[in-house]
2 protein chains.
Amino acid sequence: MTTPPRRPLTLRDVSEASGVSEMTVSRVLRNKGDVSEATRARVQEAAKRLGYVPNKIAGALASSRVNLVAVVIPSLKNMVFPEVLSGISETLETTALQPVVGVTDYGQDKEEKVLFEMLSWRPAGVIVAGLEHSETAQAMLHNAGCPVVEIMDTDGEPIDCCVGISHRRAGRHMAEAIIAQGYRRVGFMGTKMPLDHRARKRFEGFTRALGKAGIEMADQEFYSGGSALAKGREMTAAMLGRTPDLDFLYYSNDMIGAGGLLYLLEKGIDIPGRVGLAGFNGVELLEGLPRRLATTDACRREIGQRAAQMVLARQLDATLASEVVELEPSLDPGDTLLRT
Amino acid sequence: MTTPPRRPLTLRDVSEASGVSEMTVSRVLRNKGDVSEATRARVQEAAKRLGYVPNKIAGALASSRVNLVAVVIPSLKNMVFPEVLSGISETLETTALQPVVGVTDYGQDKEEKVLFEMLSWRPAGVIVAGLEHSETAQAMLHNAGCPVVEIMDTDGEPIDCCVGISHRRAGRHMAEAIIAQGYRRVGFMGTKMPLDHRARKRFEGFTRALGKAGIEMADQEFYSGGSALAKGREMTAAMLGRTPDLDFLYYSNDMIGAGGLLYLLEKGIDIPGRVGLAGFNGVELLEGLPRRLATTDACRREIGQRAAQMVLARQLDATLASEVVELEPSLDPGDTLLRT
DNA sequence: ATGAAAGCGCTAACAA
DNA sequence: TTGTTAGCGCTTTCAT
């Protein structure tokens, strides 16, 4: 690091500093083609000494190769998405590809904007949460000119590749487990529907399965915003207040479920004797709770890994066909579901 | 959307489809210069019909303007960083700038890699967590050729701009509050130090202030990995087992503090009569706990906002000088610190 | 093993 | 208001 330059350095600077043509410098810096050890060393020394950072913009334009994978998710506040991201990152870690994250805040307009923005950088692949997109967004994805992987959900028509779980089935399975345990007065708490398609599908699968067993949902409540843990408390208190004979509470995510659990324990209510509980997601947080909340593991890390692999595979062989993978979420009864 | 093309569309395609020069098409698409309403309409119609997505790579190369702001943080699993990100995003929302996130996993090597990768896209600004970087990383930031904002921490020498809190002072203040309440046998639980400089500085400030009051740390324990909530439980149980006369527990983050709180409540231990507790960060989660854990709010959202503003300001006026802002974290005693 | 020339898709600067 | 001409900094291709 000699004197810091105001103008970013170019290949030409390294070329002049090392007395080697730009072309050869380029080759060295990319470990391409045959270059003698002598020149390679000189070039590397010069590049390092100057503190040269290649300009990927120019490189990408010239080669029409971009090592970015666009990842579009609804939010970072819900721990679920960072976990999917981890799966993606760890899989891409050892490759040349790099994830770039865009957040939609559960909005279709925002999703359009984010997609447009990301696609204008011509990414090597797109990983996007969910199967529901605006017409415009669908069109953009169709014309993306790169592999597209829709993740988290398999209930719908994918544009290209897809990996996730069926939330309808997840809801149904939980309902079946609840019924099998003899619960009959079931309440549901969740996020306001239009915002979250997967939560909505779980709800639908859940209510339908209850219906088939001749059980009608005894009470339900939906929230948005605020501390999920606190909301879980409040909603649980309110619901049990107005429908005291409930014997099971199904929460659309573990966080509100945890809030409910803490509230009921405080009240000294017998779980699951008096009320059974279940959440959804299988988040790490549950491990530290006084009781293990029943939940369904949504395979988040694996979804991320598989999605990244799909993009990678299509990098190597662009002719690969679309691929749809439905993962099997596992129901963990914890300590709040099984009546012994 | 007529027939989906394999080759991405270019300005030329829109130019031909609309019978207007590339240059004018470019102007329309960027709302630049004077263009007649008639041509503007024709161009926009053509662009929309074809489904044209501009190539930012070419645009950036030609204009040497990139609307990306690199944000480099240690992790997404610690809710603190998504919150900082929210502050950044919401501030940039209404501007042309866009955040791009890189994660270092608390590793200096990884930080170097991520920085190099991001800088090679010539971002309009860099926002990076912490003041501790490898020599190489520091050199890169110096030569970045764009505003650099180091965030979260002010205890050290910033490269350019800086906004955060003094973690040493935060630790000291908590110690002073604890001492003022008459606690004398204090235990500390936190993350393994080398990974987290801010936690280390809080610890240092804390122990030093205790020392000045003639109090020596009675016990301490450090963890890494695993569910923070569960670790908080385990460590609390272990520590109280081996040092039963502790009257205060200071946790380096709210999550392990919450675990400790839940554990102690379960054991029926009087809080804060028998043991006082405090965490750090002021995370939303605390609102749903049975008791409000004492904590220090680390101003995360504001840090994000201020950092984004610093980058924005320097976009408009590149001559602006470096700026260092130390925010004042507020100590919230909750229900677990004050002996009434 | 190395170099020279052309051009990736766009925009700045100027001309008309 | 619109068009023309040069590049931006690299990589591809082809020569040497």
Side-chain angles (χ1 to χ4, degrees), chain A residues 5-44 46-47 50-68 96 117 119-124 145, chain B residues 5-44 46-47 50-68 96 117 119-124 145:
Chain A
R6 217 49 265 168
R7 170 181 66 74
L9 295 166
T10 68
L11 262 192
R12 164 171 241 116
D13 296 306
V14 182
S15 164
E16 283 167 0
S18 61
V20 174
S21 80
E22 283 187 46
M23 197 51 242
T24 302
V25 171
S26 169
R27 282 198 266 258
V28 170
L29 266 23
R30 287 176 300 144
N31 304 308
K32 278 259 180 153
D34 301 298
V35 182
S36 73
E37 259 321 310
T39 39
R40 174 175 304 276
R42 276 172 57 205
V43 169
Q44 279 171 336
L50 298 175
Y52 171 71
V53 176
N55 185 331
K56 287 226 179 193
I57 296 171
L61 183 60
S63 65
S64 42
R65 248 185 287 283
V66 178
N67 69 337
L68 269 20
E117 196 70 26
L119 287 179
S120 71
W121 288 99
R122 302 287 187 263
Chain B
R6 218 50 261 163
R7 169 181 65 76
L9 296 165
T10 68
L11 261 192
R12 165 172 238 115
D13 296 307
V14 182
S15 165
E16 284 168 0
S18 61
V20 175
S21 79
E22 284 187 44
M23 197 52 237
T24 304
V25 172
S26 169
R27 283 197 267 255
V28 171
L29 267 22
R30 287 177 299 145
N31 305 309
K32 277 259 181 157
D34 300 298
V35 181
S36 74
E37 258 322 310
T39 37
R40 174 177 303 277
R42 275 171 60 205
V43 168
Q44 279 172 334
L50 298 176
Y52 172 70
V53 176
N55 186 331
K56 288 225 179 193
I57 297 171
L61 183 60
S63 65
S64 41
R65 245 185 286 284
V66 179
N67 69 337
L68 268 20
E117 196 71 25
L119 288 178
S120 70
W121 288 100
R122 302 288 188 263

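None of these values were measured; they are calculated from a predicted model. By convention in this document, chain letters (A, B, ...) are assigned in the order of the sequence lines, proteins followed by strands, and residues within each chain are numbered from 1.
- When the nearest nucleotides of DNA chain D are assigned to L61(A) and E22(B) by heavy-atom distance, the more 5′-ward of the two goes with E22(B).
- Partners of S120(B) according to the side-chain contact (heavy atoms from CB on, under 4.5 Å) rule, which considers only residues two or more places apart in sequence or in another chain, are V53(A), K56(A).
- Projected onto DNA chain C by closest heavy-atom contact, G19(A) and R122(A) fall at different nucleotides, the more 5' of which corresponds to G19(A).
- Under the side-chain contact (heavy atoms from CB on, under 4.5 Å) criterion, L61(A) pairs with I57(B), A58(B), L61(B), sequence neighbours left out.
- In this view, R122(B) satisfies the salt bridge (charged side-chain N to carboxylate O under 4.0 Å, His left out) rule with no residue, not counting sequence neighbours.
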List the atom pairs, donor and acceptor, that lie under 3.5 Å between side-chain atoms in residues 19-27 of chain A and the rest of the protein, sequence neighbours left out.
| residue | atom | partner | partner atom | Å |
| --- | --- | --- | --- | --- |
| S21(A) | OG | M23(A) | N | 3.4 |
| S21(A) | OG | T24(A) | N | 3.2 |
| S21(A) | OG | T24(A) | OG1 | 3.2 |
| S26(A) | OG | R30(A) | NE | 3.2 |
| S26(A) | OG | R30(A) | NH2 | 3.0 |

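- Qualifying side-chain contact (heavy atoms from CB on, under 4.5 Å) partners for A62(A), counting only residues two or more places apart in sequence or in other chains: none.
- Remark: S36(A) pairs with A38(A), T39(A) by the side-chain contact (heavy atoms from CB on, under 4.5 Å) rule, at least two apart or across chains.
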*So T10(A) and N55(A), side chain to side chain contact (heavy atoms under 4.5 Å, CB included) or not? Walk me through it.*
CA-CA 8 Å; T10(A) 68; N55(A) 185 331; over 6 Å; no
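- Once you apply a 4.0 Å limit to the heavy atoms of chain A, the touched nucleotides of DNA chain C run 5' to 3' over dA1(C) to dG9(C).
- Among the heavy atoms of the strands, none lies under 4.0 Å from S64(A).
- Using a 4.0 Å heavy-atom criterion, one finds that S63(B) contacts the sugar-phosphate atoms exclusively.
- Considering only residues two or more places apart in sequence or on other chains, N67(A) meets the side chain to side chain donor-acceptor pair (under 3.5 Å) condition with E117(B).
- Under the rule for a side chain to side chain donor-acceptor pair (under 3.5 Å), S15(B) has no partner lying at least two apart in sequence or in another chain.
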_Walk me through whether V14(B) and L9(B) qualify under side chain to side chain contact (heavy atoms under 4.5 Å, CB included)._
CA-CA 8 Å; V14(B) 182; L9(B) 296 165; 5.7 Å; no
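- Of all non-hydrogen atoms in V66(A) and A60(A), the two that sit nearest each other are CG2-CB, 3.9 Å.
- At a non-hydrogen distance threshold of 4.0 Å, S26(A), R30(A) from residues 25-42 of chain A come into contact with DNA chain D.
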*Which is it for L29(B) and L11(B) under the side chain to side chain contact (heavy atoms under 4.5 Å, CB included) test, yes or no, and what are the steps along the way?*
CA-CA 10 Å; L29(B) 267 22; L11(B) 261 192; 3.9 Å; yes
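- You can see that DNA chain D meets the heavy atoms of chain A within a 4.0 Å-exclusive cut from dG9(D) to dT12(D), reading 5' to 3'.
- Comparing the helix axis at one end of the helix from dA1(C)-dT16(D) to dA16(C)-dT1(D) with that at the other, each defined from 5 consecutive pairs, gives an inter-axis angle of 30° (nearest 10°).
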